[in-house]
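Read the structure below first, then the notes.
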Amino acid sequence: MLAELISPWFRAQARDLPWRRPETTPWGVLVSEFMLQQTPVARVEPVWRDWMDRWPAPSALAAAPRADVLRAWGKLGYPRRAIRLHDAAAAIAERHDDTVPSDVDSLEALPGIGSYTARAVAAFGYGLRAPVVDTNVRRVVARAVHGQGDAGPARTRADLADVDALLPARDTEAAVVSAGLMELGALVCTARSPRCADCPVAHACAWVAAGRPAYDGPRRPVQGFAGTDRQVRGKLMDVLRGAPGPVERSALDAVWSDAGQRDRCLHSLLVDGLAEQTDDGRFALPA
DNA sequence: TACACGTGGCC
DNA sequence: TGGCCAAGTGT
């Protein structure tokens with residue numbers, strides 16, 4: 001029922017995103033999915049175009065120095081994703097003959113690829129039937145199917161089963177519905193102000209039928225940022241990215257006054273492979 | 001399971 | 001203004 005409503009809506013209303021173009025390879029889809037993890041479409045678009053120009057195949061990215069990869073990642077955030085994408089590219093080049101795998105199990109075995117990204121690559125990169133569960137899909141299902149105002153905590157197995165039950169049998173059509181569920185959550189069935197008047201599913205929506213009751217379940221704890229290690233790491237990485245080569249310790253000391261926290265964060269960047277200390281004691285992005 | 005992990009825009 | 005939110009993953 002939902003699928004028959006979402007499919008034509010998506011074909012008519014889908015945004016013309018570059019990674020949805022027919023000429024986009026599965027590799028391009030994979031790169032887009034890495035970048036889109038927790039990051040809005042508008043900020044991903046220019047970076048994705050740059051990456052695809054520079055590194056059109058996994059082997060091309062794998063051959064690039066880490067520092068180049070981290071600089072190209074820029075300010076997308078969560079730079080460990082860039083490391084994992086770099087490592088995934090190397091694994092694909094070496095173990096999969098430079099071809100992105102199409103099966104979910106092989107994809108999930110790659111660094112940085114979990115349940116969502118594996119299925120997104122199978123569905124959007126290869127047109128296969130794979131239940132894709134992200135925050136948008138969880139919200140759409142919570143409302144349309146369960147009549148809840150919001151999704152609440154993840155129920156991984158049940159979420160997968162819910163979406164699987166919505167997908168048509170045929171691969172191509174199922175992939176369109178998967179994309180449509182996400183698009184509906186992104187454009188219409190949004191978190192704060194759902195536009196039910198424009199929703200192709202409204203007349204079949206359990207939440208609308210129930211009078212759009214407010215969500216009463218547990219709220220997701222809000223992630224603080226100011227003053228956290230995350231903020232400090234970000235500032236340190238910004239210095240390393242912006243410098244053409246190694247920087248003195250003093251340049252890093254300048255970004256945060258709390259020396260203990262600063263040192264802890266710098267050390268964690270070294271451990272994560274996001275930074276290196278040179279022989280002369282300075283710091284830089286990894287070679 | 002809960003928490004760490006960047007960044008910036010929006011209402 | 002500032003909390004909330006954005007195509008998650010790894011531990």
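A, B, ... follow the sequence lines: proteins, then strands. Residue 1 opens every chain. Computed from a predicted structure; not experimentally measured. Just the heavy atoms: all of them, side chains too, but no hydrogens, waters or symmetry mates, feed the values below.
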Is it true that E33(A) and R84(A) make a salt bridge, defined as a side-chain N closer than 4.0 Å to a carboxylate O?
no
Assess whether a salt bridge exists between D162(A) and R138(A), defined as any Lys/Arg side-chain N lying under 4.0 Å from an Asp/Glu carboxylate O.
no
Hey, which of these two, R192(A) or P153(A), hits DNA chain B nearer its 5' end, going by closest nucleotide?
P153(A)
Other residues, nucleotides, ligands: >12 heavy atoms within 6.0 Å of R15(A) CZ:
yes
So do Y78(A) and Q38(A) actually touch side chain to side chain, heavy atoms under 4.5 Å?
yes
Can you tell if the side chain of L184(A) reaches within under 4.5 Å of the side chain of P200(A), non-hydrogen atoms only?
yes
Rounding to an integer number of angstrom, what distance separates [N] and [M] when you compare their [atom1] atoms?
{"N": "dA7(C)", "M": "dC11(B)", "atom1": "P", "result": "15 Å"}
{"N": "dG6(B)", "M": "dC5(C)", "atom1": "C1'", "result": "14 Å"}
{"N": "dC3(B)", "M": "dC4(C)", "atom1": "P", "result": "16 Å"}

Just call it for [X]: base, sugar-phosphate, or nothing, with non-hydrogen atoms closer than 4.0 Å on any strand.
{"X": "I113(A)", "value": "sugar-phosphate"}
{"X": "P79(A)", "value": "sugar-phosphate"}
{"X": "G114(A)", "value": "sugar-phosphate"}
{"X": "T228(A)", "value": "nothing"}

Would you kindly give the [atom1]-to-[atom2] distance between [X] and [N], to the nearest whole Å?
{"X": "L85(A)", "N": "dG10(C)", "atom1": "CG", "atom2": "C1'", "answer": "16 Å"}
{"X": "Y78(A)", "N": "dT11(C)", "atom1": "OH", "atom2": "C1'", "answer": "15 Å"}
{"X": "L76(A)", "N": "dG9(B)", "atom1": "CG", "atom2": "C1'", "answer": "15 Å"}
{"X": "R81(A)", "N": "dG6(B)", "atom1": "CZ", "atom2": "P", "answer": "9 Å"}
{"X": "Q223(A)", "N": "dA2(B)", "atom1": "CD", "atom2": "P", "answer": "13 Å"}
{"X": "F225(A)", "N": "dG8(B)", "atom1": "CZ", "atom2": "P", "answer": "8 Å"}
{"X": "R157(A)", "N": "dT1(B)", "atom1": "CZ", "atom2": "P", "answer": "13 Å"}
{"X": "W48(A)", "N": "dA6(C)", "atom1": "CH2", "atom2": "C1'", "answer": "20 Å"}

What residues from residues 229-251 of chain A pass a heavy-atom cutoff of under 4.0 Å to DNA chain C?
none
Contacting residues from residues 120-142 of chain A, given that a heavy atom lies under 4.0 angstrom of DNA chain C
D134(A), T135(A), N136(A), R139(A)
dist E45(A):CD -> M35(A):CE (nearest 0.5 Å) comes out at 12.0 Å
Could you list all the ring-ring contact (aromatic ring centres under 6.0 Å, His included) pairs where at least one residue sits in residues 41-75 of chain A, not counting sequence neighbours?
W19(A)-W48(A), W51(A)-W55(A), W51(A)-W73(A)
Could you tell me whether the side chains of R119(A) and S178(A) share a donor-acceptor contact shorter than 3.5 Å?
no
Enumerate the residues from residues 99-112 of chain A whose closest heavy atom to DNA chain B is under 4.0 Å, giving them by residue number; use none for an empty result.
none
By a strict heavy-atom criterion of less than 4.0 Å, which residues belonging to residues 17-47 of chain A are in contact with DNA chain B?
Q38(A), T39(A), R43(A)
Does OP1 or OP2 of dG8(B) have a side-chain N or O of K75(A) closer than 4.0 Å?
yes
Taking [X] for its side chain and [Y] for its backbone only, find out whether a donor-acceptor pair lies under 3.5 Å.
{"X": "D134(A)", "Y": "N136(A)", "value": "yes"}
{"X": "E94(A)", "Y": "A91(A)", "value": "no"}
{"X": "T24(A)", "Y": "V29(A)", "value": "no"}

Hydrophobic cluster identity match, L76(A) and V69(A), side-chain contacts under 4.5 Å
yes
Starting from V239(A) and following side-chain heavy-atom contacts under 4.5 Å between hydrophobic residues (I, L, V, M, F, W, Y), which residues can be reached?
L70(A), I83(A), V232(A), L236(A), M237(A), L240(A), V247(A), L252(A), V255(A), W256(A), L266(A), L269(A), L270(A), L274(A), F283(A), L285(A)
So R43(A) and K75(A), side chain to side chain contact (heavy atoms under 4.5 Å, CB included) or not? Walk me through it.
CA-CA 9 Å; R43(A) 283 169 46 209; K75(A) 306 199 79 168; 5.9 Å; no
Does the pair R20(A) and E183(A) meet the rule for a salt bridge (charged side-chain N to carboxylate O under 4.0 Å, His left out), with working shown?
CA-CA 12 Å; R20(A) 285 179 177 165; E183(A) 194 77 339; 2.7 Å; yes
